[in-house]
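Quick one: the structure is below, questions incoming.
Below, chains carry the letters A, B, ... as their sequence lines are ordered, and counting in each starts from 1. Remember, it's a predicted structure, so these values are computed and weren't measured experimentally.
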Number of protein chains: 2
Amino acid sequence: MDDVFKALADASRRALLDRLHARNGQTLTDLCDGLAMTRQAVTKHLAILEAANLVATVRHGREKLHYLNPVPIHQIGERWIRKFERGRLAALGELKRKLEERDE
Amino acid sequence: MDDVFKALADASRRALLDRLHARNGQTLTDLCDGLAMTRQAVTKHLAILEAANLVATVRHGREKLHYLNPVPIHQIGERWIRKFERGRLAALGELKRKLEERDE
DNA sequence: TTGACATGCAACCATTTGGTTGCCTATTAT
DNA sequence: ATAATAGGCAACCAAATGGTTGCATGTCAA
């Protein structure tokens, strides 16, 4: 789970996931296209995404196809974000109240 | 948005949010209690959470009370995670299919 | 008023991170 | 066969990160 959060912390990596979301199964050079980064930098980002299980790859001859795995993202939504949504309105009300105590 | 992802990337900070979720409005020393970190380290983490707008504070005499702000977490769920949930099953099917091409 | 308590500030440190360059290997197309 | 293409590996680098220690300040209680 920590791997996933860490992987998602970087904007370049989120952009790569966005690209795969737009078009799945791209090669490394596809994914490099138009980015202000060397291929090696992208390779490293993809390795981190792969380690976090956010991306799966298939070798196909000399190219490597990258596929988005949405499961870990979904799990963060389920296991982590939802927790904070329960009691969200209550927390907000309390927060507002306490912030206004300032002016008393 | 990037601030929020970065803030959530650290397990210690997520633990602090968990603590505030369990009991809102804790002071700095409350939050330090039982953690294997100096007070100053916790201060820095809280500053990052505050900068990301995940925590709001109220000074109350010599103590500083910390309140969880659940809005940014909710926004990540809405604006980012949901995007990847649309077409999630489709992506998974495709992923499975491509991974199995390996064995052809 | 004076000591204890809650927090703030700043300098410093090691490690991690995000990136680079240079070169090597494997596969495909001519 | 050979050149071009797709990717891999490793060393290196600067900056950010997560942590520390030491000291200063503000507030409360005896």
Worksheet item: Expressed in angstrom and rounded to an integer, what is the separation of A/L28 atom CG from D/dC9 atom P?
Response: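 After rounding, the gap between these two atoms is 12 Å.
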Discussion item. Going by the rule side chain to side chain donor-acceptor pair (under 3.5 Å), which residues pair with B/R14 if we only count those two or more places apart in sequence or in a different chain?
Written reply: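 In terms of side chain to side chain donor-acceptor pair (under 3.5 Å), with neighbours along the sequence ignored, B/R14 is linked to A/D2.
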Fill in: Side chain to side chain, A/L54 and A/V71, heavy atoms closer than 4.5 Å
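Side chain of A/L54 against side chain of A/V71, heavy atoms only: no contact under 4.5 Å found.
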Worksheet item: Does any residue of residues 1-24 of chain B have a heavy atom under 4.0 Å from DNA chain C, and if so, which ones, in number order?
Response: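 When residues 1-24 of chain B is checked for heavy atoms under 4.0 Å from DNA chain C, there are no hits whatsoever.
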Worksheet item: Tell me, which pairs form a side chain to side chain donor-acceptor pair (under 3.5 Å) where one or both residues lie in residues 32-51 of chain A, sequence neighbours left out?
Response: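 As it turns out, the side chain to side chain donor-acceptor pair (under 3.5 Å) pairs with a partner in residues 32-51 of chain A, which skip direct neighbours, are A/R13-A/H45, A/E50-A/T57.
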Worksheet item: Is A/N69 close to A/V55 at the side-chain level, that is, under 4.5 Å between some pair of heavy atoms?
Response: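 Not in contact.
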Worksheet item: Considering only heavy atoms from C-beta outward, does the side chain of B/L28 approach that of B/V42 to under 4.5 Å?
Response: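 Yes. Closest side-chain heavy atoms under 4.5 Å.
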Discussion item. The side chain of A/E63 is closest to which nucleotide in this list: D/dA6, C/dG18, D/dG19?
Written reply: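 Closest of the options to the side chain of A/E63: D/dA6.
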Worksheet item: Can you name the side chain to side chain contact (heavy atoms under 4.5 Å, CB included) partners of B/D3, sequence neighbours left out?
Response: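 Partners of B/D3 under the side chain to side chain contact (heavy atoms under 4.5 Å, CB included) test: B/A52.
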Worksheet item: For the helix from C/dT1-D/dA30 to C/dT30-D/dA1, how many degrees between its two end axes (five pairs per end), to the nearest 10°?
Response: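 Result, rounded to 10 degrees: 20°.
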Worksheet item: If you check every side-chain atom of A/T43, which of C/dG8, D/dG7, D/dG8 has the closest atom?
Response: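 Nearest listed nucleotide: D/dG8.
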Worksheet item: Given atom NE2 of B/H45 and atom P of D/dT17, what is their separation to the nearest angstrom?
Response: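 These atoms are roughly 12 Å apart.
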Practice prompt. Could you list the residues that satisfy side chain to side chain contact (heavy atoms under 4.5 Å, CB included) with B/A9, not counting sequence neighbours?
Written response: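 A/A9.
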Practice prompt. Please name all residues satisfying side chain to side chain donor-acceptor pair (under 3.5 Å) with B/D10, sequence neighbours left out, ordered by chain then number.
Written response: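 In terms of side chain to side chain donor-acceptor pair (under 3.5 Å), with neighbours along the sequence ignored, B/D10 is linked to B/S12.
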Practice prompt. Would you mind listing every side chain to side chain donor-acceptor pair (under 3.5 Å) that reaches into residues 75-86 of chain A, with sequence neighbours excluded?
Written response: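 The answer is A/E78-A/R82, A/K83-B/D18.
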Got a list of protein N/O to nucleotides 3-5 of chain D N/O distances below 3.5 Å?
unit_1: D/dT5; atom_1: O2; unit_2: A/R62; atom_2: NH1; d: 2.8

Worksheet item: Going by number, which of residues 29-42 of chain B have a non-hydrogen atom under 4.0 Å from DNA chain C?
Response: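 Within this stretch, B/T29, B/R39, B/Q40 sit under 4.0 Å of the strand.
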Worksheet entry | d(CG, A/L46; P, D/dC9) in whole Å |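 My rounded result for the distance is 14 Å.
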Practice prompt. For C/dT20, take OP1 and OP2 only and decide whether either is under 4.0 Å from a side-chain N or O of A/K44.
Written response: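 For A/K44, the contact criterion (side-chain N or O under 4.0 Å from OP1 or OP2 of C/dT20) is not met.
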Worksheet item: Hey, what do you get for CG (A/L20) to CG (A/L49), rounding to the nearest 0.5 Å?
Response: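 Between A/L20 CG and A/L49 CG, I get 8.0 Å after rounding to 0.5 Å.
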Item to complete: Could you tell me the separation between the NZ atom of A/K64 and the C1' atom of C/dA26, rounded to a whole number of Å?
Response: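 One finds 14 Å between C1' of C/dA26 and NZ of A/K64, rounded.
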Item to complete: Any pair with a residue in residues 20-29 of chain B that passes side chain to side chain donor-acceptor pair (under 3.5 Å), sequence neighbours left out, goes on the list, sorted by first then second residue, please.
Response: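 Non-adjacent pairs meeting side chain to side chain donor-acceptor pair (under 3.5 Å): A/E94-B/N24, B/R23-B/Q26, B/T27-B/T29.
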Practice prompt. Could you check which of D/dG7, D/dG18, C/dG19 has an atom nearest any side-chain atom of B/I48?
Written response: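 The answer is D/dG18.
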Discussion item. Using the side chain to side chain contact (heavy atoms under 4.5 Å, CB included) criterion, which residues pair with A/A56? Sequence neighbours excluded.
Written reply: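 Expected list: B/L95, B/L99.
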Worksheet item: Is it true that a side-chain atom of B/H66 and a backbone atom of B/K64 form a donor plus acceptor pair closer than 3.5 Å?
Response: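 Judged by distance alone, yes, a pair lies under 3.5 Å.
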